[in-house]
Student: 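For reference, the structure I am asking about is given below.
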Amino acid sequence: MFGGGAPDGRAEPISAMQTDDRKTLEQRHQMSELERLRHSCAHVMATAILRLWPDAQFAYGPPVETGFYYDLECSHRITPEDFERIEAEMKQEIKANHVFERIAVSREQAVVDASSGRLGGLAERPGNPSKFKLDLLGAIPEGEPISYYRNGDFLDLCAGPHVMRTGNIGAFKLTSVASAYYKGDEKNPQLQRVYGTAFKNKTQLEEWLKMQEEAKKRDHRKLGQEMGLFFMDAEYTGPGMPLWLPNGTVLVEELEKLAKETEFAAGYVRVRTPHLAKEKMYLTSGHLPYYAESMFPPMTLLEGDDPAKRPLLREKFQEALHDGAELTPDKIDTFLERAYQIFKAEGLEGDRYYLKAMNCPHHHRIFAAEPRSYRDLPLRMAEYGCCYRYEQSGELFGLMRVRSLNMNDAHIYCTEDQFAAEFAAVNEMYLKYFKIFGLEKYIMRFSTHAASGLGKKYVNEPALWLKTEDMVRRVLQQSGINYVEVPNEAAFYGPKIDVQVWSAIGREFTIATNQVDFAVPARFGLEYRDRDNTMRTPLCIHRAPLGTHERFVGFLIEHYAGNFPLWLAPEQVRVLPVTEQQLDYARALVAELRGAMVRAEFEFSNDKLQGRIQRAEAARAHHILVVGQKEQDAVAVAVRIHGKGQQGVRPRAEVVADILQSIRERRS
RNA sequence: GCCAGUUUAGCUCAGUGGUAGAGCAUCCGAUUUGUAAUCGGACGGUCGUCGGUUCAAAUCCGACAACUGGCUCCA
């Protein structure tokens, strides 16, 4: 029976479990040599686990990008402390150098073996059938050959391919243990997933382990703390709601400046909208029925606007504080609980307000605020809007997945004729940004709808879906941008393009988005008067090339490993006088730079120059300008660049001019 | 939300049932400095929170919270 099965305690029949996409035999045989090795290592790991805990039942054990895993169910809860024992057993199996023997079988024979517990086992296990293997057998289409692979005693249902012998596995290491739903479906039981990695030889494994260590140092959460960029104050501000510290605020504001300049040049106008809106807004936009669970719960105001009830509100607050004691922090929770109950009993409930989870409805209302003509289009409305989304607690992840986010948002209202040019221009803007940040590895995911989701996941407009998807596809093809098309992942109001990037430490992120909306403008009754004097509904393009500040800054931290280019660096220049004799000269230099909006600091402490250099480097000040008597006499500075060492002594005016130019050009 | 792990000073971490520690940071003093750490001293913790076991809990047990690794999700 399944350990953590259905909520009511009954085990679900495996046959009822949802199946996912299977790899075809052809795809399997395209496995690289390294993937074969890793997949084989998964079998070896299963062998070892069975030696230690013979009741283990195995499900899937594929190679993955960084190694392999095998999902299993077992009476013993495997922890990292067990790794040493498992690895010791694995080494034995490798040393034995068993052949990976392929055995073709009939479906009938496979069912018999699985029922006896032989598959994914070292021997027959009466009363403990290979239930996952039985389920997998059922998913193999009629006519497809069925095969086992055997290494020593371990026999597994497996299409392969494998390496020749267990001895071919050069070096391996178990890395972590996690849990995973069987077949990735929430409704299925959770299995234990043991992760490992394997390489041809020990050198490659060690290199990989070293890289992992390096990656840890670039983690944006670690660097964010070290560099004073942001602070997660879960206890007071709330989980997933970063507080931007001064250094992080610099990054945010530089990005905003970049966006404002770029958007201004591209003919956008800017707007600003509140963080709250009435329930009607999101009922109209359609977000509440589709995404209510992802929004913060509503705030309830007093009934209507009845001013007579306002004193009552205060009175009831006082009542909740009935003991008249001071409201010290430790009493706040109890107080709120009490106040809430009293309010409810008094019927002090009225309009419901929601924190905005997206800016579009607000922008739609701005569009509707005055009559529009075809001459006004395209209308490109931009805002760095602050939104709030109630992400599930387990999904929060540093700056990458948060509950309060600032979007590089804009909505472009246009006619059908204008659509292609506008959509292409947005894609061009993406590429311009990527160039500034030296971003080379990215892919555009074009998400389309699925007919089965119409009316549920997607607005029920089959013809419009096909039409707009075709429009987007044509723009993509004409611009020659690399893209993949993914069915059944569109937004509820239209197809979209997400830009996937990889941070320097290999994390994959959706950093930007570009979406078509053919549904919501109509729900808000948006229209413009066309050339022929008829009223038409505009198309809307939602776009966010820089995504959110939170995610983009998080990405940049890892991308640059905290070593930002001059224009982004929180501290652009640190001036270090060698002795007290150069204090005035140094101060004047800082004043000149700050007068030109350069983030320049000055340090003269009791420490030796060496110590101050060390601290300036640790603080990642981009330019370190050392001024001693020689420099002062020559009106020069000794330049040192963070991470690059000394650059020599140069005339002061020249250095200042270079700094200003590098910042202006946003050089990388 | 689910499974598992973690939580000791501002930061990095040691401390396996018997008087809470180190380095860095901070503050004070000395040192006046030429390219990645001058020297000395002081300050700093209800060991995540609440409860339990025990003569005695950072340490053992339980609940909750946050974070981490995954899964699911991601307008």
Side-chain angles (χ1 to χ4, degrees), chain A residues 3-4 7 69 71 77-81 175-195 219 221-222 225-226 228 231-235 238-240 282 285-288 290-295 330 356-361 387 389-398 400-402 405 407 447 457-458 489-494 496 498 509-510 513 515 517 520 542 544 551 576-583 604-619 624-631 638-640 642-643 645-647 649:
Chain A
Y69 66 78
D71 285 347
R77 179 124 347 247
I78 295 174
T79 69
E81 274 110 73
T175 49
S176 64
V177 53
S179 100
Y181 297 105
Y182 180 56
K183 291 183 178 175
D185 190 317
E186 234 177 334
K187 293 188 278 294
N188 286 344
Q190 286 197 310
L191 306 178
Q192 304 187 52
R193 174 173 292 182
V194 184
Y195 281 91
D219 190 302
R221 293 163 296 186
K222 188 176 163 65
Q225 179 174 284
E226 269 173 33
F231 173 52
M232 291 289 189
D233 190 5
E235 199 181 343
Y282 304 114
S285 72
H287 285 99
L288 270 179
Y290 284 95
Y291 296 109
E293 77 285 358
S294 298
M295 294 177 70
D330 56 331
K356 69 173 169 184
M358 65 300 298
N359 302 302
C360 19
C387 299
R389 296 178 183 183
Y390 194 80
E391 304 288 356
Q392 293 186 60
S393 59
E395 265 124 43
L396 299 174
F397 177 76
M400 301 300 193
R401 203 62 189 278
V402 290
L405 41 122
M407 286 181 78
S447 302
K457 205 172 157 188
Y458 308 115
E489 297 213 351
F492 79 87
Y493 45 64
K496 64 172 180 174
D498 290 318
F509 292 102
T510 300
T513 181
Q515 310 175 348
D517 182 347
V520 184
H542 304 235
R551 195 173 281 188
L576 305 178
V578 176
T579 72
E580 258 172 3
Q581 312 309 311
Q582 295 87 40
L583 279 181
F604 185 72
S605 61
N606 284 343
D607 288 317
K608 283 167 70 173
L609 180 63
Q610 244 191 120
R612 287 184 282 147
I613 297 253
Q614 208 279 337
R615 271 208 306 283
E617 287 281 357
I624 298 163
L625 303 182
V626 177
V627 292
Q629 196 56 44
K630 280 180 284 182
E631 287 77 19
V639 180
R640 181 186 175 103
H642 168 64
Q646 293 187 63
Q647 308 288 307
V649 177

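In what follows, chains carry the letters A, B, and so on, assigned in the order in which the sequence lines appear, proteins first and then strands, with residues in each chain numbered from 1.
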Student: Between B:C73 and B:A65, how far apart are the two P atoms, rounded to whole Å?
Tutor: 24 Å
Student: Assign A:Gln192 to base, sugar-phosphate, or nothing according to its heavy-atom contacts below 4.0 angstrom with the strands shown.
Tutor: nothing
Student: Look at all strands and tell whether A:Lys496 reaches a base, only sugar-phosphate, or nothing, counting heavy atoms closer than 4.0 Å.
Tutor: sugar-phosphate
Student: Please give the nucleotide sitting opposite B:U46 as a Watson-Crick or G-U wobble pair, both distances under 3.5 Å, or none.
Tutor: none
Student: Which one is paired to B:A65, where only Watson-Crick or G-U wobble pairs with both distances under 3.5 angstrom count?
Tutor: B:U7
Student: For A:Ala234 and for A:Arg615, find the nucleotide of RNA chain B with the closest heavy atom, then tell me which residue's nucleotide is more 5'.
Tutor: A:Arg615
Student: Please give the distance between the P atoms of B:G40 and B:G45 as a whole number of Å.
Tutor: 24 Å
Student: So, for A:Ile78 and A:Gln192, which heavy atoms are closest and what is the spacing to 0.1 Å?
Tutor: N-OE1, 2.9 Å
Student: Describe the nucleic acid contact of A:Ser294 in one word from base, sugar-phosphate, nothing, applying a heavy-atom distance below 4.0 Å.
Tutor: base
Student: According to the Watson-Crick and G-U wobble definitions, with both distances under 3.5 Å, which nucleotide is paired to B:A57?
Tutor: none
Student: Does B:G17 have a Watson-Crick or wobble partner in any strand here, with both distances under 3.5 angstrom, and which is it?
Tutor: none
Student: Does the side chain of A:Arg615 reach to within under 4.5 Å of the side chain of A:Arg612, using non-hydrogen atoms?
Tutor: yes
Student: Does A:Glu631 reach a base, just sugar-phosphate, or nothing at all? Heavy atoms under 4.0 Å.
Tutor: base
Student: Hey, are A:Gln581 and A:Thr579 close enough side-chain-wise for a donor-acceptor pair under 3.5 Å?
Tutor: no
Student: Looking at every strand, decide which applies to A:Gln629 at a 4.0 Å heavy-atom threshold: base, sugar-phosphate, or nothing.
Tutor: base
Student: Walk along RNA chain B from 5' to 3' and tell me the first and last nucleotide with an atom closer than 4.0 Å to a non-hydrogen atom of chain A.
Tutor: B:G1 to B:A75
Student: Taking A:Gln582 for its side chain and A:Glu580 for its backbone only, find out whether a donor-acceptor pair lies under 3.5 Å.
Tutor: no
Student: Which base, if any, makes a Watson-Crick or G-U wobble pair with B:C2, both distances under 3.5 Å?
Tutor: B:G70
Student: Hey, does A:Gly394 reach any base, or is it just sugar-phosphate, or nothing, if we go heavy atoms under 4.0 Å?
Tutor: base
Student: So what does A:Gln392 touch, heavy atoms closer than 4.0 Å: a base, only the sugar-phosphate, or nothing?
Tutor: base
Student: For the C1' atoms, the ones on B:G5 and on B:A9, what distance do you get once it is rounded to whole angstrom?
Tutor: 24 Å
Student: With nearest nucleotides of RNA chain B determined for A:Thr513 and A:Gln581 from heavy-atom distances, which residue corresponds to the more 5′ nucleotide?
Tutor: A:Gln581
Student: Can you tell me the Watson-Crick or wobble partner of B:A30, both distances under 3.5 angstrom?
Tutor: B:U38
Student: When rounded to the nearest Å, what value does the distance between P atoms of B:G18 and B:C60 take?
Tutor: 11 Å
Student: Please give the distance between the P atoms of B:A14 and B:U8 as a whole number of Å.
Tutor: 10 Å
Student: Would you mind classifying the nucleic acid contact of A:Arg401 as base, sugar-phosphate or nothing, using non-hydrogen atoms under 4.0 angstrom?
Tutor: base
Student: Regarding A:Ser605, tell me which of base, sugar-phosphate or nothing describes its non-hydrogen contacts under 4.0 Å with the strands shown.
Tutor: base
Student: Applying a 4.0 Å non-hydrogen cut-off, can you work out what A:Tyr181 is touching in the nucleic acid: base, sugar-phosphate, or nothing?
Tutor: base
Student: Would you please name every residue forming a ring pair (Phe, Tyr, Trp, His ring centres under 6.0 Å) with A:Tyr390, sequence neighbours left out?
Tutor: A:Phe296
Student: Write down the distance separating the C1' atoms in B:U6 and B:U12, rounded off to the nearest Å.
Tutor: 16 Å
Student: Looking at every heavy atom in both A:Ala491 and A:Gln515, which two are closest together, and how far apart are they?
Tutor: CB-OE1, 4.3 Å
Student: So what does A:Ala616 touch, heavy atoms closer than 4.0 Å: a base, only the sugar-phosphate, or nothing?
Tutor: nothing
Student: Base, sugar-phosphate, or nothing for A:Arg640, non-hydrogen atoms under 4.0 angstrom?
Tutor: base
Student: Give one of base, sugar-phosphate or nothing for A:Tyr69, where a contact means two heavy atoms less than 4.0 Å apart.
Tutor: nothing
Student: Restricting to non-hydrogen atoms, name the atom on A:Cys387 and the atom on A:Asn359 that form the minimum distance, rounded to 0.1 Å.
Tutor: SG-OD1, 3.5 Å
Student: Classify the nucleic acid contact of A:Gly238 as base, sugar-phosphate or nothing, counting any heavy atom under 4.0 Å across all strands shown.
Tutor: nothing
Student: On a whole-Å scale, what distance lies between the P atoms belonging to B:A58 and B:U7?
Tutor: 15 Å
Student: For A:His542, enumerate each residue passing the ring pair (Phe, Tyr, Trp, His ring centres under 6.0 Å) test, keeping only those at least two apart in sequence or located in another chain.
Tutor: A:His411, A:Tyr493
Student: If the P atom of B:G21 is compared with that of B:U38, how far apart are they to the nearest Å?
Tutor: 29 Å
Student: So with a 6.0 Å cut-off around CD of A:Glu293, is the heavy-atom count from everything else above 12?
Tutor: yes
